[in-house]
Amino acid sequence: MKIQINKEAIAERFMRYVQIDTQSNPQSGTHPSTEKQKDLSRILVEELKEMGIANAEMDTNGYVYAKIPSNTEKNVPVICFCSHVDTAPDCSGTNVKPILHKDYDGEDIVLPDDPSQVLSPVVFPYLKTQIGGDIITASGTTLLGADDKSGIAAIMQATEYLIKNLEIKHGEIKVLFTPDEEIGEGTAKLDMQKLAADFGYTLDGGEAGSLEDETFSADGATIIVNGVISHPGYSKNKLVNALKVGAEILHALPTNEWAPEATEKKEGFVHPVRFEGIAERATLEFILRDFEDEKLKQHGEKLRAIAEDVVNHYKGASISFSIQEQYRNMKKILNQNPEVVAYAAEAIMRAGLKVKTESIRGGTDGSRLSYMGLPCPNLFTGMQGIHSKLEWIGVNDMAKSAETIVHLCMIWEEKS
Ligand SMILES: [Zn+2]
């Protein structure tokens, strides 16, 4: 069946969503981390209701839940499509002015509000795949917010399509929009009972056709250095300064390997993210990443050994070392339900694209969701240059993303 997603409509929808400031804030400690994220969530609920989904609602934590009822006799697993409303704290999301560049010609695009921001196929070779199509950028002073409003636009457009085209048979479909993904709290207040879905897909990926079924496994590590304090005027051979010991631990870390700046592809790393303290006591925080859980564990042990080795040179000083589990590689869970990824691959092919199976050197809400009982790979939306002023997206890719969602709904029904 030919699925015709209206490109003007999805572009217009997307450009409307990105103008709403939804930046999250890692320091706030509240849920959602910023109230303004609800500005978009409220609009999404209204639009879902206008489409005829009366059950659409936003809860107090800013999560949007909606259910498209099944229209088939068959017993089909409940599938959820999920995107996040927030944008990254790294780059301003206030007063985003989206610009639609029609019929992209393959040349550099100078962003008008800051001409030093130039979108060039030299930097983004993927731009060449969009020649002849329309692309959308910001104006030079903000990010665009394609991450992840392109996912939202794709889900909303696909939802509208399913509702208007009743000949397309599908099981029960859940729509989920979460806050605070960018600060790692997208699932913090998610009500799995309320969601009540069997399998999910996040729409939060890049190039058209990409299907991500593997993420890092991630831990945090905290080292607290206890120094030995005495009056600095009378401290000879007594005082041990915790800040200096902490600095020495950082200095003892390998530089040509085992660091984000020295690793790629399937290599893991250990990365200090915070160092603070006083002479008496210093705290070092790290993030540890690997695709394999066993290797991740070894990274923690190695870090501990390095720190202990340093502190052992200082009489009276000590460290305490702890590991905090953050998230786990979703592949382990997805391998138990291979049809989830297989159907996504088939949907991508039915949309006329080549499947690019990829591993994410990071986590997604999908990694957490997978371990919360909702196996959940990540699908493309077309977003590029994310978290930066040069963020952009091709309208064709975004439409293909919506088309893939519709195909996926049909495939689950067919195979049930
Ligand atoms: Zn995202």
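For ligands, and for the atoms within them, numbers begin at 1 and follow the listed sequence. The residues of the chain are indexed from 1 along the displayed sequence.
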Item to complete: Give me the one residue out of F199, W412, Y201 that meets ring pair (Phe, Tyr, Trp, His ring centres under 6.0 Å) with Y343.
Response: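 Single pass found, and it is W412.
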Worksheet item: Taking 2.8 Å as the cut-off, does an N/O/S atom of D147 lie below it from the Zn ion (ligand 1)?
Response: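 For D147, the answer is yes, given that an N, O or S atom comes within less than 2.8 Å of the Zn ion (ligand 1).
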Worksheet entry | Contact check: E182 to the Zn ion (ligand 1), N/O/S below 2.8 Å |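 Under 2.8 Å: E182 has no N, O or S contact with the Zn ion (ligand 1).
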Worksheet item: Taking the N/O/S atoms of D204 one by one, which is nearest to the Zn ion (ligand 1)?
Response: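 Relative to the Zn ion (ligand 1), the closest nitrogen, oxygen or sulfur of D204 carries the name OD1.
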Worksheet item: What atom name does the N, O or S atom of H84 nearest to the Zn ion (ligand 1) carry?
Response: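 Atom name of the closest N, O or S in H84: NE2.
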Worksheet item: Would you say the side chain of H170 lies within less than 4.5 Å of the side chain of M410, judging by non-hydrogen atoms?
Response: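 Heavy-atom side-chain distance check fails, nothing below 4.5 Å.
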Worksheet item: Do K415 and E339 touch side chain to side chain, with heavy atoms closer than 4.5 Å?
Response: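 A side-chain contact is absent here, since even the closest heavy-atom pair is not under 4.5 Å.
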Worksheet item: Above 12 or not: heavy atoms from other molecules or residues under 6.0 Å from NZ of K97?
Response: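 Result for NZ/K97: open.
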